Amino acid sequence: MAILQFDVNGEQVSREAGVRARDLVRLPPQTLAVWVNGQTLDVDRPLTEGGQLQFLTFADSAGRHVFRHSSAHLLAQAVKRLWPEAKLGTGPALEDGFYYDIWLPEPLTEADLPRIEAAMRDIVRENLAIERLELSREEALALFHDRGESFKEEIIARIPDDAVISAYRQGEFVDLCSGPHLPETGLIGALRLTQVSGAYWRGNEKNPMMTRIYGTSFPDQESLERYLAQIEEAKLRDHRKLGAQLDLFTFREEAPGFVFWHAKGHAVYRTLEEFSRRLQARHGYQEVATPWVYRVGLWERSGHWDHYRDNLFLIDRDDELQGLKPMNCPGHCLLFKGATRSYRDLPWRLAEYSPLSRYERSGALHGLMRVRGFHQDDAHLFVRPDQIREEMFGVLDLVDIVYRTFEMPYEVVLSTRPDDYMGELALWERAEQELEEVLRARGLKYQINPKDGAFYGPKLDVYAVDSLGRRWQCATAQLDFQLPEKFELEYVDQDGLAKRPVMIHRAILGSIERFLGILVEHYKGAFPPWLAPVQVRILPITDKQLDYARHIERLLSERGVRVEVDERNQKIGYKIREAQLAKVPEMLVVGGRDQDNQTVSLRSREDGDRGAIALTQYVSQVVDRIRMPGFTD
RNA sequence: GCUCACGUAGCUCAGCAGGUAGAGCACGUCCUUGGUAAGGACGAGGUCACCGGUUCAAUCCCGGUCGUGAGCUCCA
């Protein structure tokens with residue numbers, strides 16, 4: 001028998017091969033699994049090689065993963081106890097929970113969840129040992145066939161020939177699974193099933209619909225409750241809820257997928273757009289406005305008809321189809337073709353903010369995040385091949401300025417050639433190489449997403465990280481060698497010959513609607529002063545100060561401050577409460593004393609009462625505080 | 001688009017087991033003129049999403065449509 005050497009947290013231990021991790025040393029409390037040379041294993045798994053060994057607990061992400069995965073099995077076992085005819089699909093661990101897809105003879109509702117939870121707690125109380133079985137393909141097929149698990153049989157058929165087939169048993173329950181798992185069910189101290197929904201078997205909408213049950217689990221009740229409180233907190237930030245509360249925007253069933261911008265929301269929207277507009281003007285972009293309805297021939301030429309038809313809003317008039325634009329690129333190509341272009345004209349940077357329409361499937365709509373009518377800070381750069389590098393640099397400059405302004409860190413992902421790509425392979429390879437060079441030259445950390453590029457070219461996607469740590473894809477920069485071909489775009493080069501330009505599609509905010517939704521959640525509705533829909537609210541103590549309040553309002557308004565007076569006949573505490581809930585950054589309390597002394601009593605949203613200050617002084621200060629970041633006027 | 005759930009006043013929600021609806025906030029009028037997070041009284045406001053069915057009778061039961069939510073799928 002071979003002797004294996006282990007390094008257990010610095011302690012050297014040697015044992016015969018086949019020893020179980022739990023027998024190496026005294027198992028630390030709350031051990032969920034072990035980590036041996038980069039592999040996570042059951043504590044009861046016979047070890048076949050030595051090396052570094054660590055015990056995993058709930059504090060380790062790999063440990064949590066095992067914990068949630070076993071929780072999914074627990075769920076499946078409970079469901080099988082309640083519905084013996086249920087058939088198991090798959091049940092993985094998630095970032096902070098787990099789910100199991102199960103075929104059931106009848107639909108399930110959330111009202112059934114407590115019953116299932118109770119059955120799960122029974123199994124926890126039984127503290128069943130969880131045992132790993134290794135099976136031959138025939139044994140596995142026979143086992144799951146006998147148990148009526150047809151989906152499992154399907155999975156077994158797809159397991160490669162050389163792979164080990166394993167299953168895990170706890171009590172009467174067996175599940176096909178590569179593991180690892182907890183040693184016993186009693187470790188799952190607290191659990192909660194959170195929701196139930198449908199999911200297609202193997203994610204294909206032609207397959208049967210399974211019932212997907214989501215849940216989460218923790219070692220103890222306290223951690224579970226802390227987690228559930230966090231979820232409640234995130235719900236309070238939901239932009240749809242805050243949008244209505246703060247009177248920013250609403251949706252109505254008369255126009256699904258389109259936003260009704262209220263005056264306040266539109267003020268934020270316009271400020272955001274203006275920020276982008278001024279930034280782009282400074283970076284050499286020209287803003288244009290092109291048509292939003294085109295004859296269908298244009299979409300045929302651009303390739304949208306073949307690749308994007310389902311998402312086009314179509315209009316059928318006088319026996320001719322026309323389509324609302326989902327993107328600006330074809331219009332910009334037509335503009336490019338409208339005159340003879342010289343190499344001296346390049347790079348030619350066209351920006352546009354006009355409305356775009358995409359027919360999203362009804363189930364895809366989601367507040368401001370996924371709409372059918374929206375606007376982008378869209379631009380197309382027509383460049384010579386030798387300018388790609390520098391222009392991509394410029395785009396990343398803009399990304400950096402914008403995301404720093406909103407205090408959002410970001411991550412970059414390079415997406416490469418998909419299977420259904422168009423164009424020449426050599427062009428693709430060259431383009432992908434160029435993008436990597438730019439990223440490396442900028443010293444940006446990036447990930448590669450293989451085969452996730454657009455069919456016309458590789459792309460860089462930027463993911464902004466918000467204050468809850470969630471990632472949102474906003475900015476994108478996509479190289480395009482296809483569209484210039486389709487539109488036969490040309491410029492006259494230095495040598496007098498016609499050459500084909502390269503296009504770069506790019507957006508920094510992406511959809512302005514969506515970006516605003518992200519900002520609402522990021523700031524929890526408390527926009528920084530320059531973005532706030534109402535920057536200053538004046539609160540007269542009594543109606544004797546109304547004239548003075550209106551005088552201040554006029555002074556501020558003339559200097560571009562978004563200001564309003566709370567003229568209602570209410571006590572000051574009431575007005576303050578309402579202004580505070582409306583998340584107005586600055587409140588000016590004005591009473592008799594202030595009027596006599598020509599002062600205002602400033603209250604800030606964050607810091608509360610700031611005391612009296614001369615009116616003239618306040619006016620000059622506040623103008624600085626609401627200035628658009630990065631601009632001097 | 002698919003699965004499940006939901007749709008009652010501008011908003012948040014109640015409405016037991018079929019008998020044509022109720023609260024708080026917001027809104028209006030009046031009283032109150034109050035210095036840093038809710039002063040008081042009174043009032044107006046609803047085709048119970050829409051269409052159809054069952055029933056003596058439907059907000060409630062059944063079917064369909066629309067919308068919303070969660071998830072799936074999709075997202076050049």
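On a predicted model such as this, the values are computed, not experimentally measured, just so you know.
- Across B:U36, B:U73, B:G39, the shortest atom-to-atom separation from the side chain of A:Tyr200 is found for B:U73.
- Comparing B:C13 with B:G7, their C1' atoms sit 13 Å apart, to the nearest whole Å.
- Close to B:G39, at under 4.0 Å from its OP1 or OP2, lies a side-chain N or O of A:Gln570.
- Contact check on A:Glu488 versus A:Arg500 returns no salt bridge, with no Lys/Arg side-chain nitrogen under 4.0 Å from an Asp/Glu carboxylate oxygen.
- For the OP1/OP2 pair of B:C27 and a distance below 4.0 Å, the side-chain nitrogens and oxygens of A:Arg568 include at least one atom meeting the criterion.
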Side chain to side chain donor-acceptor pair (under 3.5 Å) assessment of A:Trp201 paired with A:Asp101: CA-CA 8 Å; A:Trp201 170 239; A:Asp101 283 347; over 6 Å; no
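- For A:Arg361, taking side-chain heavy atoms from C-beta onward, the closest of the listed nucleotides B:G35, B:G1, B:C72 is B:G1.
- Taking the ring centroids of A:His262 and A:His266, they lie at or beyond the 6.0 Å cut-off.
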Contact list (N/O, under 3.5 angstrom) for nucleotides 3-7 of chain B vs protein:
from: B:U3; atom 1: O2; to: A:Gly198; atom 2: N; distance (Å): 3.3

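- Regarding contacts with the backbone of B:G35, every side-chain N or O of A:Arg593 stays at 4.0 angstrom or more from both OP1 and OP2.
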Chi angles and distances behind the ring-ring contact (aromatic ring centres under 6.0 Å, His included) call for A:Phe382, A:His332: CA-CA 10 Å; A:Phe382 296 86; A:His332 291 180; 7.4 Å; no
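- On a pure distance criterion of 3.5 Å, a polar donor-acceptor pair joins the side chain of A:Ser601 and the base of B:G35.
- Here A:Tyr574 reaches the OP1 or OP2 of B:A26: one of its side-chain N or O atoms lies under 4.0 Å away.
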Verdict with reasoning, A:Trp261 to A:Leu516, per side-chain contact (heavy atoms from CB on, under 4.5 Å): CA-CA 12 Å; A:Trp261 286 107; A:Leu516 195 37; 3.4 Å; yes
